[in-house]
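None of the values given here were measured: they were computed from a predicted structure. Any value given below was found using the heavy atoms of this structure, including those in side chains, with hydrogens, waters and symmetry copies removed.
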Amino acid sequence: MAVTNQPAVQTEPRLLSARSIRRRKRGERLAYGAMTLGVAIGPHAGFWPAHLGVAGIGYLSLKVLWAAAEDEPLGQRMLEFSQTLIPGLTASAAYLAQLLIPGTPWWEWTLAPAWGGLMVVTTPLTNLARQEELPALAAEMTPALETAPSSYPAYRIRQWDVAKSTGETRLTGVHQYANGEGQPLQDFWGTVVAVQGDAVPELNEKALAAVFDLPPGTVRLQPIEGSGPGRMHLLARPTLGATEQATDPIHRLWDAKVASPNGAAPGMILDNYRLEPNRIALRVSAPDNQIINLDQKKLARAFKYKDLTLVMVETDGLGDGIISLYKTHPLLQLREATVEDLTMAPDGTIQIGLRPDGRPARIALYDPQMGAVTDLLAGSPGAGKSVTLNTILAAERISGVVSIVADAQNGMSLPEADGRVYHFGKGIAATGATLAGSLALGKYREEVSSANGWSSAEINDPWPLVNVTLDELNRILAEDADVPRHFRKWVTGMVGDEQSTGRKLLKGIRFAAQSIHLEDLGDKDRIRANSKNGSVWLGRTNSSTTQHMATDGVLPPGVTIEPIPQYFNLGSGSEIDAAFHGKETKRGPLTAGLANIIQGGTLFTARTWFTRKENKTYPGLIALYESAPIPVLTPEEDRVFKAAYAKALEYAELLLSGADPKDVGHGDFTSGEISDAEGLIDDEDDELPIPAIKHLIVELLANGQDWEIRAIRNRIKDANPLLINTAIGELQNDDKQIEFAGRRGTYRLVHNSTGDQ
């Protein structure tokens with residue numbers, strides 16, 4: 001084992017800077033000038049106290065020299081004191097010589113100036129202070145080739161002295177490390193000392209390594225506790241650092257398989273890691289000039305994982321991230337939710353479930369800073385979307401939030417919510433009517449706020465928080481939805497209007513479907529912005545296109561989502577191994593409730609609380625619903641909502657029956673009254689098919705110009721705008737014929753290609 005004990009930092013003499021030397025010499029010379037006048041004038045002035053004082057100085061100087069001559073080693077202290085006493089001793093001798101000789105001989109006029117000139121030239125006291133620097137100066141003046149270093153520390157000191165980057169600093173107190181057998185290593189430590197009044201210069205790792213010709217990163221400077229910036233501790237560990245890395249399998253694997261130029265994450269830095277019973281947590285950062293880039297599939301490949309769900313990545317989208325490698329999936333078994341979990345915290349969040357590392361997974365029912373939130377939930381049948389929605393709705397009831405819910409699947413998707421929330425609309429017609437009632441409620445709150453000069457509202461002051469949940473919207477908005485064209489356009493228009501009225505009026509909205517196109521939800525830019533204020537819950541999906549639809553612009557660039565598998569892997573191997581050996585793999589439990597959650601541009605994996613199913617319902621969720629009374633609207637709001645809902649339901653049923661909108665009136669029910677809704681009705685009954693729309697889009701882009709989606713819609717007037725959106729999505733994601741032209745919403749052909757669909 002390496003010996004790493006370090007001695008206490010030795011106190012080394014500080015070199016005088018050139019500025020300090022010049023200042024000392026100037027002061028010393030001024031003193032000699034004043035003494036020269038005293039030596040020249042004093043003996044002839046007849047001032048006896050001055051004569052006695054000079055005689056006393058001479059006597060004391062001689063006495064000190066006599067005492068120093070008797071010390072051992074013989075004469076050593078006498079030499080030191082002689083240089084110290086030269087100015088006073090010689091000045092007193094010249095003074096007394098003039099005083100004792102009668103008359104004024106010619107030499108008395110030259111003695112004092114000669115003495116002063118000699119002292120000014122030699123400045124003996126300043127040169128005495130620099131005597132301790134003489135060994136270092138002599139070593140510096142000696143050519144490197146004349147004498148070889150006498151020891152390893154001397155060799156390292158000489159390297160420091162001759163380097164240009166080290167300036168006037170010195171390396172002192174160098175000591176070698178030794179291994180367990182006491183054999184010296186290349187590793188060493190020492191103290192860097194700067195000239196007095198200066199700090200040790202800041203040298204980067206490359207410059208420090210160049211001084212000693214060692215690998216970059218193996219030499220560093222550290223501050224010394226209790227010392228100023230004029231002294232720094234130098235630590236060089238070229239072999240100990242490499243030995244530690246070599247004996248660490250995690251670092252060795254990271255360098256070889258991940259951070260190498262052809263690795264899973266080239267250049268990424270492994271800062272630290274933790275070993276837990278079921279998890280290895282890797283703390284990762286990007287170099288200063290890079291953005292962190294961690295690809296889940298490539299990392300799984302590098303660490304030889306066959307189950308992608310056991311490799312989880314979380315980043316901040318800038319320079320920091322964490323990789324979690326699990327032995328078995330940590331979210332296989334979860335408990336059921338409690339009332340405490342589903343009670344809204346002061347920050348507006350509830351605990352919907354758990355993250356793999358044991359931290360709570362929280363989503364917001366409300367944001368105290370931004371207002372009501374917009375949530376998106378997407379998942380295939382069996383992905384756990386309904387259980388997640390029921391859990392959220394139960395939390396709203398427990399937390400005093402009014403839940404306005406519509407289930408386009410005739411109430412079959414959320415049967416537990418029926419009769420347990422303020423409003424529950426069942427079926428496609430009821431979904432449209434629920435939207436109309438919600439718009440009427442928002443318009444009422446807007447009118448009251450305007451009349452009172454309010455810019456916003458607080459929960460229960462004057463209104464309760466309302467969240468509108470629209471489930472199974474794909475039954476209305478999907479391309480293959482079996483609803484009349486006019487009904488779909490009516491619902492789409494109301495969904496777009498709903499985005500403009502909620503946030504400041506305590507009215508959030510939650511979209512849920514098996515697949516969601518942001519463009520189908522009205523103003524996708526607003527949806528994208530609002531969803532960053534809420535949550536995107538993305539469970540298991542049928543295709544990668546659903547991920548694109550649900551995360552369009554919500555995630556920051558460079559962050560990808562891997563799909564949720566249908567079953568947990570229980571360690572029985574991959575399907576490829578089973579196919580090769582002709583065996584059948586054992587399926588694990590369903591991954592229901594497991595989802596990728598996006599909040600504020602960050603991504604994490606979580607699973608919703610477990611709930612037990614009995615007799616085709618969830619008794620645990622029902623108990624949570626019924627643990628608190630149902631929150632309701634104020635009496636006036638209740639009247640506005642129910643009146644608008646009733647009128648809109650009649651209109652929706654007429655549209656669904658195939659009636660012509662011109663015969664039954666138009667359906668914008670934002671005020672509770674049936675009024676005209678221009679732009680929602682198209683007299684053209686025949687719709688262009690998607691292949692024809694795609695052909696027209698390619699023809700428009702064939703001229704090489706960039707086209708905004710609005711311009712495309714205006715140009716292809718005979719096509720349903722929803723089908724135009726779908727056609728653009730297929731051309732971009734499936735056919736790879738068009739791409740974004742610098743910004744979202746503007747398109748161009750890929751490589752100017754043209755082709756019929």
Side-chain angles (χ1 to χ4, degrees), residues 296 307-310 312 329-334 336-337 352-356 361 363 375-395 405-417 469-478 480-481 510-518 520-521 531 534-552 554-555 560-570 587-599 603-613 616-618 620-621:
Q296 186 178 358
D307 185 357
L308 194 61
T309 63
L310 298 181
M312 301 182 189
H329 205 290
L331 299 180
L332 270 173
Q333 302 292 333
L334 260 68
E336 294 196 55
I352 191 67
L354 282 181
R355 299 191 188 192
I363 66 170
D375 292 338
L376 304 176
L377 288 88
S380 303
K385 173 173 63 66
S386 296
V387 170
T388 301
L389 278 174
N390 269 307
T391 303
I392 295 173
L393 293 173
V405 185
D407 179 1
Q409 198 178 0
N410 296 316
M412 294 180 61
S413 180
L414 300 170
E416 293 77 14
T469 300
L470 305 174
D471 193 18
E472 297 293 342
L473 270 183
N474 51 290
R475 288 177 167 260
I476 300 174
L477 302 179
D480 57 353
R510 184 177 299 113
F511 301 105
Q514 294 182 24
S515 64
I516 295 178
H517 286 271
L518 294 188
D520 292 342
L521 299 179
S531 62
S535 301
V536 176
W537 185 95
L538 191 61
R540 180 174 54 83
T541 55
N542 286 327
S543 65
S544 60
T545 57
T546 300
Q547 299 175 69
H548 172 77
M549 289 183 285
T551 62
D552 180 19
V554 176
L555 279 178
T560 59
I561 292 182
E562 295 300 330
I564 302 294
Q566 186 173 5
Y567 300 97
F568 284 106
N569 190 313
L570 296 180
R587 288 181 173 177
L590 285 170
T591 56
L594 189 65
N596 292 305
I597 298 180
I598 308 161
Q599 291 177 347
L603 169 70
F604 62 89
T605 302
R607 194 180 189 192
T608 305
W609 296 120
F610 169 76
T611 185
R612 179 173 44 88
K613 194 170 188 177
K616 303 181 179 60
T617 60
Y618 299 101
L621 286 175

Compare every heavy atom of [Y] with every heavy atom of [X], then report the nearest pair and how far apart it is.
{"X": "A417", "Y": "N390", "result": "N-OD1, 3.8 Å"}
{"X": "T309", "Y": "P565", "result": "CG2-CG, 3.2 Å"}
{"X": "A592", "Y": "G382", "result": "CB-O, 3.5 Å"}
{"X": "R607", "Y": "L594", "result": "CG-N, 3.7 Å"}
{"X": "I597", "Y": "A606", "result": "CD1-CB, 3.9 Å"}

Sidechain-backbone polar pair: [X] side chain, [Y] backbone, donor-acceptor under 3.5 Å:
{"X": "N596", "Y": "T605", "answer": "no"}
{"X": "N410", "Y": "M412", "answer": "no"}
{"X": "T388", "Y": "G384", "answer": "yes"}
{"X": "R475", "Y": "D407", "answer": "no"}
{"X": "Q296", "Y": "L308", "answer": "yes"}

Contact check, side chains of [X] and [Y], non-hydrogen atoms, under 4.5 Å:
{"X": "E472", "Y": "K385", "result": "yes"}
{"X": "T391", "Y": "T611", "result": "no"}
{"X": "P589", "Y": "L332", "result": "yes"}
{"X": "L393", "Y": "R510", "result": "yes"}
{"X": "L414", "Y": "L389", "result": "yes"}
{"X": "W609", "Y": "L354", "result": "yes"}
{"X": "Q566", "Y": "L590", "result": "yes"}
{"X": "M312", "Y": "F604", "result": "no"}

Between L538 and I598, does the side chain to side chain contact (heavy atoms under 4.5 Å, CB included) criterion hold? Intermediate values first, please. CA-CA 8 Å; L538 191 61; I598 308 161; 5.6 Å; no
Roughly how far, to the nearest 0.5 Å, is the OG atom of S380 from the CZ atom of R540?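 With rounding to 0.5 Å, CZ (R540) is 5.5 Å from OG (S380).
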Between I363 and W537, does the side chain to side chain contact (heavy atoms under 4.5 Å, CB included) criterion hold? Intermediate values first, please. CA-CA 9 Å; I363 66 170; W537 185 95; over 6 Å; no
